[in-house]
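Just so it is clear: chains get the letters A, B, ... in the order the sequence lines come, proteins before strands, and each one is counted from 1.
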There are 2 protein chains.
Amino acid sequence: MSIEVIFGQQLRKIREERKLSQEELAFRSKLDRTYISLLERGKRRPTLNTIFALTAQLDIAPSELVRMVEKNLDI
Amino acid sequence: MSIEVIFGQQLRKIREERKLSQEELAFRSKLDRTYISLLERGKRRPTLNTIFALTAQLDIAPSELVRMVEKNLDI
DNA sequence: GTGTGACTTGGAGTCCGTA
DNA sequence: GTACGGACTCCAAGTCACA
């Protein structure tokens, strides 16, 4: 499985745990709603800055999200 | 200090600790030598996939490099 | 509330060279 | 071995209408 697909899965998982909609996350992180959708479906590869912008609104450290991606890549 | 500048500083630090040249790191990670230079000087923002490609050649977890960026952003 | 196609703009990443 | 520049390709960033 590719990095961007795993990333999208983990992003969605965290967002849903926080009970946030794509719309709300997009608004708070100052990104577009459809872009969040693209990320979650693994259609885009986020830059480091995008990862920082997203995690800042999800009560999670950027490195922690990246660590989740690492773990799931092994599987 | 911006995320990309901090990232560049940490990337250079790790690379030099490993006693690798920009050339060698570029070759191993299948990126361009001048691009490594741009990253280290904070002129480019790496995608998540690029971070994985780089750290795979530096004996460090992607999340660990990101964590170093976080720490140094606080300062 | 989300998925998707189509689109424009900016930047990721490469290749050439010079110093 | 690295910094830096121009020119290039390709994709991420960001937006829209519609389902």
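- Residue pairs meeting the salt bridge (Lys or Arg N to Asp or Glu O under 4.0 Å) criterion with at least one partner in residues 48-59 of chain B, sequence neighbours excluded, are absent.
- Partners of A/E64 by side-chain hydrogen bond (donor to acceptor under 3.5 Å, both in side chains), not counting sequence neighbours, listed by chain and number: A/R67.
- In 5' to 3' order, the nucleotides of DNA chain C bounding all contacts with chain A (an atom under 4.0 Å from a heavy atom) are C/dG1 to C/dT4.
- The CD1 atom of A/I3 sits 15 Å away from the C1' atom of D/dA12 (whole-angstrom rounding).
- With sequence neighbours excluded, the residues that form a side-chain hydrogen bond (donor to acceptor under 3.5 Å, both in side chains) with A/R12 are A/E40.
- A rotation axis mapping the C1' atoms of four pairs onto the next four is fitted at both ends of the helix from C/dT2-D/dA19 to C/dA19-D/dT2 over five pairs, and the angle between these axes is 40° to 10 degrees.
- For residues 51-66 of chain B, proximity to DNA chain C is found at no residue, defined as any non-hydrogen atom under 4.0 angstrom from a strand atom.
- Annotation: side-chain hydrogen bond (donor to acceptor under 3.5 Å, both in side chains) contacts of A/S21 (sequence neighbours excluded): none.
- Put simply, CG on B/D32 is 16 Å from P on D/dT9, counting in whole angstrom units.
- Heavy atoms only, all atoms of each residue included: B/S63 and A/E70 are closest at N-OE2, 2.5 Å.
- One atom, CD of A/E4, and another, P of D/dC11, lie 11 Å apart when rounded to the nearest Å.
- Residue B/L38 contributes atom CG, which lies 12 Å from atom C1' of D/dT2 at whole-angstrom precision.
- Residues from residues 13-23 of chain A with heavy atoms under 4.0 angstrom of DNA chain C, sorted by number: A/R15, A/S21, A/Q22, A/E23.
- The side-chain heavy atoms of A/M1 and A/Q9, taken from C-beta on, include a pair separated by under 4.5 Å.
- Partners of B/S29 by side-chain hydrogen bond (donor to acceptor under 3.5 Å, both in side chains), not counting sequence neighbours: none found.
- Mapping B/E24 and B/T47 onto DNA chain D via the closest heavy atom, the residue that lands nearer the 5' end is B/E24.
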Sort me out a list of protein N/O and nucleotides 4-8 of chain D N/O pairs below 3.5 Å, or just none if empty.
residue: D/dC4; atom: OP2; partner: B/R41; partner atom: NE; Å: 3.2
residue: D/dC4; atom: OP2; partner: B/R41; partner atom: NH1; Å: 2.4

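- Taking atom CZ of A/R45 as the reference point, atom P of D/dG14 lies 18 Å away to the nearest angstrom.
- Under the side chain to side chain contact (heavy atoms under 4.5 Å, CB included) criterion, A/T50 pairs with A/L31, A/Y35, A/L39, A/P46, A/T47, A/L54, sequence neighbours left out.
- Judged as a side chain to side chain contact (heavy atoms under 4.5 Å, CB included), and not counting sequence neighbours, A/A53 has no contacts.
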